Amino acid sequence: MTEVSDSYTLDNLDELESNVLSDLKSISNESEAESFRIKYLGKKGVFRQLLKSLGSIDPQKRKEVGAKANRLRSLVETEFSKAHWKKESAEVVDKSFDPSLPGFPFHKGSLHPLMQIRDQIRDIFISMGFTVSYGPEVESDFYNFEALNTPKHHPARDMQDTFYIDQNHLLRTHTSPVQIRVMENQKPPIRSIMPGRVYRNEEISARSYCLFHQVEGLYVDKDVSFADLKGTLLAFSKRFFDEETKIKIRPSFFPFTEPSVEIDVECFLCKGQGCSICKQSGWLEVLGAGMVHPNVFKSVGIDPEKYTGFAFGMGIERIALLKFGIDDIRLFYENDTRFLSQF
Ligand code: PHE
């Protein structure tokens, strides 16, 4: 910066102008800016001194010279306030920030693959007019077995290895108890699906786990027939798997349905030709179903002479394993993000 000079007078305003403007240009940081401000614009700064001295000059010249000095001062004030120099604190930030470094990847979460399958199944049934219902995972023996036509010592209880909490309470072994809760609370016509988690005391392996998920379905009205069951599940399979999908119905047994069936879906991978997913059979077992047993209707106070219905239950894990081509069910529960982030 040019030396502070006492020699600026109203006679050498041009010299002052060129000095002040070059000083202004040379400011490069905050402390230089402050020195500039004190030197020129402060209480004892050059401009104050100059303007004070106006009183002592020839009144003839005063007007012209005063105007010139004032114009210069306001020019300097505006230029000074507009000037951008790097703030010292900003320089420090600059040193620690390297804009050329690659950014940190931001990991977005996604819905668990089992929940994706659950939602797809649910949405198809919703579009067919079904509602969605839920029930508790800790159930009483009554809902899980008794009301489903499975009294104590019934051999069918052995089909499901139950986790008992006490004599009367257990972790539900299937979503079928929700059928009972729905029928207790609603009058026919009833069309509902019931997704949820179920538990079975099975040995853990690549094929089975101590918990899994099911989607239960229930349709109760006058004149519901086995053909309605077939038609509904065929329509579902075509939407969920493939428009060309065929289904195959085999007789089976469940205490709460009569007749009971198991439904196989044509393998969507090989289209029935036989492959490793369907173990060369061309078919995939996906669900259990049947017509609601009259004893089940009686346990909830629905007259089996007036109403009929069908019910079905499918395992979400099994469908997810098939659909995603996964060979170990345990992967679903390990919360390994390397696995989960693929879906
Ligand atoms: N609850 C049966 C199971 O878990 C499936 C099923 C549901 C069968 C409804 C028939 C009717 O295996």
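The chain is numbered in sequence order, starting from 1. These numbers come from a predicted model, not from an experiment.
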Next item on the list: Could you go through the salt bridge (charged side-chain N to carboxylate O under 4.0 Å, His left out) check for R207 and D328 one step at a time?
Entry: CA-CA 6 Å; R207 294 272 131 206; D328 193 330; over 6 Å; no

Check: Does some side-chain heavy atom of P195 sit less than 4.5 Å from a side-chain heavy atom of V132?
Finding: yes

Note to self: Side chains of F80 and L24, heavy atoms from C-beta outward: is any pair under 4.5 Å?
What the structure shows: yes

Check: So among K25, E30, E32, which one has a side-chain hydrogen bond (donor to acceptor under 3.5 Å, both in side chains) with S28?
Finding: E32

Margin query: Any side-chain to backbone donor/acceptor pair from S205 onto S208? Under 3.5 Å, distance only.
Written below: yes

Checklist line | Test item: R118 and H213 side chains (from C-beta on) under 4.5 Å apart, heavy atoms | finding: no

Notebook entry, point to check: Looking at D303 and K298, does any basic side-chain N land under 4.0 Å from a carboxylate oxygen?
Noted result: no

Notebook entry, point to check: Charged N to carboxylate O below 4.0 Å: is that the case for D23 and K39?
Noted result: yes

Name each donor-acceptor pair under 3.5 Å that joins a side chain in residues 232-241 to protein atoms two or more places apart or in another chain, with its distance.
residue: T232; atom: OG1; partner: D228; partner atom: O; Å: 2.6
residue: S237; atom: OG; partner: L233; partner atom: O; Å: 2.8
residue: K238; atom: NZ; partner: E243; partner atom: O; Å: 2.9
residue: R239; atom: NH1; partner: S127; partner atom: OG; Å: 3.1
residue: R239; atom: NH2; partner: S127; partner atom: OG; Å: 3.1

Next item on the list: Look at the side chain of E216 and the backbone N and O of G313, then say whether any donor-acceptor pair between them is shorter than 3.5 Å.
Entry: no

Next item on the list: Taking the side chain as every heavy atom from C-beta outward, state whether V261 and K248 have any atom pair closer than 4.5 Å.
Entry: no

Check: Is the number of heavy atoms from other residues, nucleotides or ligands under 6.0 Å of Q342 CD greater than 12?
Finding: yes

Checklist line | Over 12 foreign heavy atoms within 6.0 Å of NZ, K323 | finding: yes

Next item on the list: Answer with yes or no after comparing the ring centroid distance for Y307 and F297 against a 6.0 Å cut-off, counting only values under it.
Entry: no

Next item on the list: Look at the rings of F332 and F339 and say which category their plane angle falls in: under 30° parallel, 30 to 60° tilted, over 60° perpendicular.
Entry: perpendicular

Notebook entry, point to check: Linking I/L/V/M/F/W/Y whenever any side-chain heavy atoms sit under 4.5 Å apart, do F163 and I165 land together?
Noted result: yes

Note to self: Hydrophobic cluster membership, with links at side-chain heavy-atom distances under 4.5 Å among I/L/V/M/F/W/Y: are I38 and L72 in one?
What the structure shows: no

Item checked: W283 reachable from I319 in the ILVMFWY side-chain graph, under 4.5 Å edges -> no

Notebook entry, point to check: Quick check: are there more than 12 heavy atoms from other residues, nucleotides or ligands sitting under 6.0 Å from CG of D223?
Noted result: no

Margin query: Tell me whether I249 shares a hydrophobic cluster with F253, the cluster being built from Ile, Leu, Val, Met, Phe, Trp, Tyr side chains joined at under 4.5 Å.
Written below: no

Checklist line | Non-hydrogen side-chain atoms of L16 and V46 separated by less than 4.5 Å | finding: yes

Note to self: Quick check: do Y219 and L229 have side-chain heavy atoms less than 4.5 Å from each other?
What the structure shows: no

Notebook entry, point to check: Is D221 salt-bridged to R191, cutoff N-O under 4.0 Å?
Noted result: no

Notebook entry, point to check: Looking only at atom types and distance, does a side-chain atom of S74 sit under 3.5 Å from a main-chain N or O of N70, one as donor and one as acceptor?
Noted result: yes

Notebook entry, point to check: Can a salt bridge be assigned to the pair K61 and D58 using a cut-off of 4.0 Å between side-chain N and carboxylate O?
Noted result: no

Check: Is the ring centre of F343 less than 6.0 Å from the ring centre of F324?
Finding: yes

Checklist line | Residues E139 and R172 bridged, charged N to O under 4.0 Å | finding: no

Notebook entry, point to check: Would you say the side chain of V215 lies within less than 4.5 Å of the side chain of M194, judging by non-hydrogen atoms?
Noted result: no

Next item on the list: Check whether any side-chain heavy atom of E202 sits under 4.5 Å from a side-chain heavy atom of C210, and report yes or no.
Entry: no

Margin query: If we ignore hydrogens and angles and just use 3.5 Å, is the side chain of S341 paired with the main-chain N or O of T337 as donor and acceptor?
Written below: yes

Item checked: Apart from F145 itself, residues in the same hydrophobic cluster as defined by side-chain heavy atoms under 4.5 Å -> Y164, L170

Next item on the list: Check whether more than 12 heavy atoms from other residues, nucleotides or ligands sit under 6.0 Å from atom CG of D327, and answer yes or no.
Entry: no

Next item on the list: Could you give me the CA-CA distance, side-chain angles and deciding distance for H174 and F212, then say whether ring-ring contact (aromatic ring centres under 6.0 Å, His included) is met?
Entry: CA-CA 9 Å; H174 51 178; F212 56 99; over 10 Å; no

Note to self: Using 30° and 60° as the class boundaries, would you call the ring planes of F130 and F125 parallel, tilted or perpendicular?
What the structure shows: perpendicular

Next item on the list: Taking only Lys NZ, Arg NE, NH1 and NH2, and the carboxylate oxygens of Asp or Glu, determine whether R37 and E34 approach each other closer than 4.0 Å.
Entry: yes

Notebook entry, point to check: Between T308 and V224, is there a donor-acceptor pair closer than 3.5 Å when you use the side chain of the first and the backbone of the second?
Noted result: yes

Note to self: Please check: side-chain N/O of N144 versus main-chain N/O of T173, any donor-acceptor pairing under 3.5 Å?
What the structure shows: yes

